[in-house]
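Note on naming: letters A, B, ... go to the chains in the order of the sequence lines (proteins, then strands), and numbering restarts at 1 for each one. Keep in mind that what you see is a predicted model, and the values were worked out from it rather than measured.
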Amino acid sequence: MTELPPQYNPQAVEEPRYQWWEAQGLFQADPDPKRTPYTIVIPPPNVTGILHMGHALNNTIQDILIRYKRMQGFNALWVPGTDHAGIATQNVVERALAKEGKKRQDVGREAFIQRVWQWKEQYGSTILYQLRRLGSSCDWRRTRFTMDEGLSEAVLEVFLRLHKEGLIYRGHYIINWCPRCQTALADEEAPRQQTLGKLYHIRYPLEDRSGHIEVATTRPETMLGDTAIAVHPKDKRYKALIGKHAILPLVNRRLPIIADELVDKSFGTGAVKVTPAHDPADFQMGKKHKLEFINVMTDDAHMTNVPKEYEGLDRLEARSKLIIDLEKAGFLGAIDEHPHNVGHCYRCHTAVEPRLSPQWFVKMKPLAKPAIEAVKKGTIKFHPKRWTKVYLNWMENIEDWCISRQIWWGHRLPVYYCEKCEHTMVAKAAPAKCSKCSGPVRQDPDVLDTWFSSWLWPFSTLGWPQQTKDLEHFYPTHTLVTAQEIIFFWVARMVMAGYFCMKAPPFTDVYIHGTVRDITGKKMSKSLGNIIDPLDIIKQYGTDALRYTLVTATAIGQDLFLSEERFTAGRNFANKLWNATRFVMSAGPAASGSPGARQLPSPSASAGGAQLAAPLGARPSASPAPITIPDRWILSRLQHTTTRVTNALDAYQFNDAATALYDFLWHDFCDWYVEIAKVQMPQSAEAKATTLAIMHKVLETGLRLLHPVMPFVTEELWQHLRPSDAGPSIMKAPWPKAAKKLTDDEAEAQFARFAAVVGAIRTMRAELNVPPDRKPPVHLITPQAAVRQFFESQQPLLQALAGVAEVHVAAQAQKPKDAATAVVEGIEVILPLAGLIDVAKERERKQQRVAELTKHLQQAEARLKDSDFTDKAPAEIVQGARERKQQLEEDLKKTAAQLTVLQAM
RNA sequence: GGGCGGUUAGCUCAGCUGGUUAGAGCGUCUCCUUUACACGGAGAAGGUCGAGGGUUCGAGUCCUUCACCGCCCACCA
């Protein structure tokens, strides 16, 4: 046993300990039909990712679950991996190319993809190493990547199956187009930014020359692609115009005036120009009303298919010119300032252009059906429950999924076109020639949306489409831990894929945790500069501190607001445990090997309790040592804590589990029991042996319970305390079970009385500024013989913990002079302190106390007088109220008597 | 425009199925270098639980209206 330094140094412990765990193979799990599996698949971080607080929270929670279940004896598997993150990764490499003055088109597709792979090999594991720093106990042998061979096979397989069932089709769709990057962007890749734009009012003459209809637009240049004007069907102002035609200014195209409920009567003029090829809403109207789709912009946002004076102009040049021309021709109305949200390319910040383009889609409605059923039936449960509604609402209104992306990095669509006859073929490998006309074939240039591989993650990582042993044993997985942002993108789609491919749910429980925010409630983000870097925190405070604080900072599913100071709580807790262990170790070994050493006495059924009953172990102890009320109390508290922690973890109430352990280990164990141990141990060899055994047992059990939350410090300390018959690591130590026979209400009640008396004396000492070395005698007055007997037996403890000399226990109160007095739990506490008492001040304090007790007593009496209460409330509540009233009466009587004495002085 | 969450001590938050005198951490104040720990110990101050209404013997907890803060979804051109 080595000497422990007085401060816990996480830096010295964490990395070596982690490497040891990994080297021992403690994270590994293999299929074993004899054991019950518990599986988690990691939400794969982007391969470009670096660890942020969101990851830290997400993975801490998963690790807590996995470590907990592993200790409970489950065959616990946590599958790690990364996501190829199409656009994000392509960007990183494009930026590197840009430094060489090249664009991806300059190097070509093949070479570019080579570069991305090189980048991935070099940097793609960064996030995985960072997850190790966090203590994540993943089975790293099983690390997967969404572009791995096996996972790519799964992607092709599912594409083919969907296609075969008629669930994949090609169609036109309005997408976000970045004219600078020349690619389509998903909505989430084109975040909307508040932009101060202008709202231009333009007058379109009516065909019958009876006047004009005025519309409002933020993008006047799109008018060149207008093919209709729309109004709300119930808009009285325009009702008469529906079915008539207007003339598009400068172009002179004839536009039907249509009615559609999509139009907002209150916006602008209530009439809207319809440009089906350049606006998502207009697109819908275009389809519904069978309008013409005119694309008026090229890939780089220059005008095309327009009158020749505008042909080839940049979109913004065209806008300026149009405004001038409209003005000249008298078509232009008001121009208003108009702040609105415009999508911007997330990497170059260019305003995106909604644009019509051919894309591939998956029909979602048929896939959604079983995914809705599963959640409705409770096969899959959300925690907290409220997300169920969000999920179902989205699923029931699900739209088809656009799965094609115009980038290079990703799974290329297994779609081939004949160069000659344009026949379309879907196949895993390129067909040699067209199946229809034998012409040459080319592959579709697009790749699949990144989610098209991650929706297969729960089974593709276990080997699907092969029928593997892993799949058989570990699927369906159990808990999916994720953030609310990706319920739709990811969670919902995994459920659909699970039923489509496996005919079974991908997981049974979904835990949705909150978003990590800064102290002002903002999301942590680089651009806001409000990041707290988890790796910084790990360096400064240690991984356990980070984990503890994250877990206590959030109730189930609530967002957490972090400031750096909070992490000191976790660091201090780890240090407290460290020192508690130092003390226990220095007090003596747990007498390992000798019979009865680890066999704790259990509480006696007889009153008084200073007597030993049967030991915990199988063999009866040879030399029984007395077991005291505090002994019984701490063991009983341990049982309650075990139950509470277990229940909390089962209910995903991680904060409650962590708090329960903090309270127990810090307050019950360190503040009380360790101090008590210092008194008990010198009393006799037997007392010392028993106290030591209890301290070892309680601390060791507490460390097990805490291990899922704070893995490093608990392992380190457990290695020092480790009973000789335990396994090599706390990771494999069985999860503690609460022992009914050790729960002890009587000892808890007695101890509460004792602690209250100690507290009363301490308060009096503090308030009267009694010097620490002054140890007055104390008088305890109570008519209850059993209580007197108890306090008499606890004299040394009271002396040490309350800082008093002799303890006088009596049934009758004397009239104390020059004494501080208090009443707790019906016990009068009298502390003679000649020379320190300020009678006037004491009197005032006592009066306040009497007033307080009177108020509470009146409340209690009023309550009991109410026959509604006594009749309708449960008997035990009424009984409790009676007892409380009695206690208050007694305390009040005695406090009043003390006041009388003071008043006489 | 829909939906969801929040509003409890100076600050950050717990308080799960309604039941004694509403808790914690941090901060503040007082005392303590007591042989595990000053990343510590002992004690104290500090709250009409956002506002109104309702259900109930009983509401921080359930229902309802409102106010403010925040989030998600949606086609304000």
- Message: Just the rounded figure in Å: distance from P of B:rG43 to CG of A:Asn769.
- Response: 15 Å
- How long is the span from the OG1 atom in A:Thr222 to the CZ atom in A:Arg319, to the nearest 0.5 Å? 8.5 Å
- Task: Could you please name the option among B:rC57, B:rA77, B:rC75 that lies closest to any side-chain atom of A:Lys872?
- Result: B:rC57
- Of A:Glu767 and A:Lys273, whose closest RNA chain B nucleotide lies nearer the 5' terminus? A:Glu767
- For A:Trp578 and B:rG40, give me the distance from atom CH2 to atom C1', rounded to whole Å. 17 Å
- Message: Does A:Glu399 contact B:rA74 through a side-chain donor or acceptor facing the base, at a distance under 3.5 Å?
- Response: no
- Ring centres of A:Phe293 and A:Phe283 under 6.0 Å apart? yes
- Note on the structure: Of the candidates B:rG41, B:rC37, B:rC72, the side chain of A:Arg582 sits closest to B:rC37
- Task: Answer with base, sugar-phosphate or nothing: what part of the nucleic acid does A:Val584 contact at a heavy-atom distance below 4.0 Å?
- Result: nothing
- Query: A:Ala766 has a side chain; which of B:rC37, B:rG43, B:rA77 sits nearest to it?
  - Reply: B:rG43
- A:Asp226 versus A:Thr275, side-chain donor and acceptor atoms under 3.5 Å: yes
- Message: I'd like to check the salt bridge (Lys or Arg N to Asp or Glu O under 4.0 Å) partners of A:Glu396; sequence neighbours left out, ordered by chain and number.
- Response: A:Lys376
- Side chain of A:Ala281: nearest nucleotide among B:rG43, B:rC39, B:rC75? B:rC75
- Item | side-chain N/O A:Arg762 vs B:rG43 OP1/OP2, d < 4.0 Å | yes
- Message: Between P on B:rC39 and CZ on A:Phe573, what's the gap in Å once rounded to a whole number?
- Response: 18 Å
- Query: Does the side chain of A:Gln879 come under 3.5 Å of the side chain of A:Glu883 through a donor N or O and an acceptor N or O?
  - Reply: yes
- Task: Could you please name the option among B:rA42, B:rC16, B:rA77 that lies closest to any side-chain atom of A:Gln653?
- Result: B:rC16
Got a list of protein N/O to nucleotides 2-9 of chain B N/O distances below 3.5 Å?
unit_1 : atom_1 : unit_2   : atom_2 : d
B:rC4  : OP1    : A:Lys389 : NZ     : 2.8
B:rG5  : O2'    : A:Gln558 : NE2    : 3.4

- Message: Please give the distance between the P atoms of B:rU20 and B:rC39 as a whole number of Å.
- Response: 39 Å
- Task: Could you list the residues that satisfy side-chain hydrogen bond (donor to acceptor under 3.5 Å, both in side chains) with A:Asn575, not counting sequence neighbours?
- Result: none
- With sugar-phosphate meaning primed atoms plus P, OP1 and OP2, does A:Trp672 contact a base, only sugar-phosphate, or nothing at under 4.0 Å between heavy atoms? nothing
- Shortest non-hydrogen contact from A:Ala259 to A:His289? O-CE1, 3.4 Å
- Item | Between B:rG53 and B:rA67 - C1' atom distance, rounded Å | 15 Å
- Query: Is a side-chain donor-acceptor pair under 3.5 Å present for A:Tyr173 with A:Asp400?
  - Reply: no
- Message: Run the salt bridge (Lys or Arg N to Asp or Glu O under 4.0 Å) test against A:Glu889 and tell me which residues pass, sequence neighbours left out.
- Response: A:Lys885
- Below 3.5 Å, does any donor atom in the side chain of A:Gln7 face an acceptor in the base of B:rC39, or the other way round? yes
- With a non-hydrogen cut-off below 4.0 angstrom, is A:Glu883 in contact with a base, only sugar-phosphate, or nothing? nothing
- Task: Grab the CD-C1' distance between A:Glu861 and B:rG58 for me, whole Å please.
- Result: 18 Å
- Of the listed B:rG43, B:rC39, B:rA14, the closest approach to the A:Asn655 side chain comes from B:rA14
- Task: Determine the Euclidean distance between corresponding C1' atoms of B:rA22 and B:rA14; express it in Å to zero decimal places.
- Result: 11 Å
- Euclidean distance for C1', B:rG18 against B:rU61 (whole angstrom): 6 Å
- Please tell me which of A:Gly270 and A:Trp394 maps to the more 5' nucleotide of RNA chain B, matching each residue to the nucleotide holding its nearest heavy atom. A:Trp394
- Task: Measure the acute angle between the ring planes of A:His383 and A:Tyr652, then classify it against the limits of 30° and 60° as parallel, tilted or perpendicular.
- Result: tilted
- Query: Rounded to whole angstrom units, what separation is found between the CZ atom of A:Phe669 and the P atom of B:rC37?
  - Reply: 15 Å
- Query: Within the structure, does a side-chain N or O atom of A:Lys865 lie under 4.0 Å from either OP1 or OP2 of B:rC57?
  - Reply: no
- For atom C1', what is the distance between B:rG46 and B:rC29, given to the nearest Å? 11 Å
- Any idea which of B:rA77, B:rA36, B:rG19 is nearest the A:Pro874 side chain? B:rG19
- Task: Could you measure between the two C1' atoms, the one in B:rA42 and the one in B:rC37, and give it in whole Å?
- Result: 15 Å
- Message: For A:Tyr548 and A:Phe573, I'd like to know if the aromatic rings sit close, meaning centre-to-centre distance below 6.0 Å.
- Response: yes
- Are A:Trp387 and A:Phe382 close enough that their ring centres sit under 6.0 Å apart? no
- Query: With respect to the side chain of A:Asp671, which nucleotide from B:rC76, B:rA36, B:rG41 is positioned closest?
  - Reply: B:rG41
- Taking B:rA77, B:rA44, B:rA36 as options, the one with an atom nearest any side-chain atom of A:Val263 is B:rA77
- Task: Starting from P on B:rG18, measure out to CD on A:Glu876 and report it in whole angstrom.
- Result: 14 Å
- Task: Measure from CZ on A:Phe583 to C1' on B:rC37 and round the result to the nearest Å.
- Result: 11 Å
- Where protein sits on nucleotides 20-26 of chain B, one letter per nucleotide: B base, S sugar-phosphate only, - none, heavy atoms under 4.0 Å: BB---S-
- Could you give the OH-to-P distance, from A:Tyr673 to B:rC37, as a whole number of Å? 20 Å
- Message: Say we look at B:rA9 and B:rA24: how far apart would their C1' atoms be, to the nearest angstrom?
- Response: 11 Å
- Message: Using side-chain heavy atoms (C-beta onward) and a distance below 4.5 Å, is A:Leu692 in contact with A:Lys688?
- Response: yes
- Euclidean distance for P, B:rG47 against B:rA59 (whole angstrom): 22 Å
- Output row for RNA chain B, stems defined as at least 3 consecutive Watson-Crick or G-U pairs under 3.5 Å, is B:1-7 with B:67-73, B:10-13 with B:23-26, B:28-32 with B:40-44, B:50-54 with B:62-66
- Message: Quick check against the 3.5 Å criterion: does A:Trp578 have a side-chain atom that pairs as donor or acceptor with the backbone of A:Pro5?
- Response: yes
- For A:Asp650, look at atom CG and say whether over 12 heavy atoms of other residues, nucleotides or ligands are found less than 6.0 Å away. yes
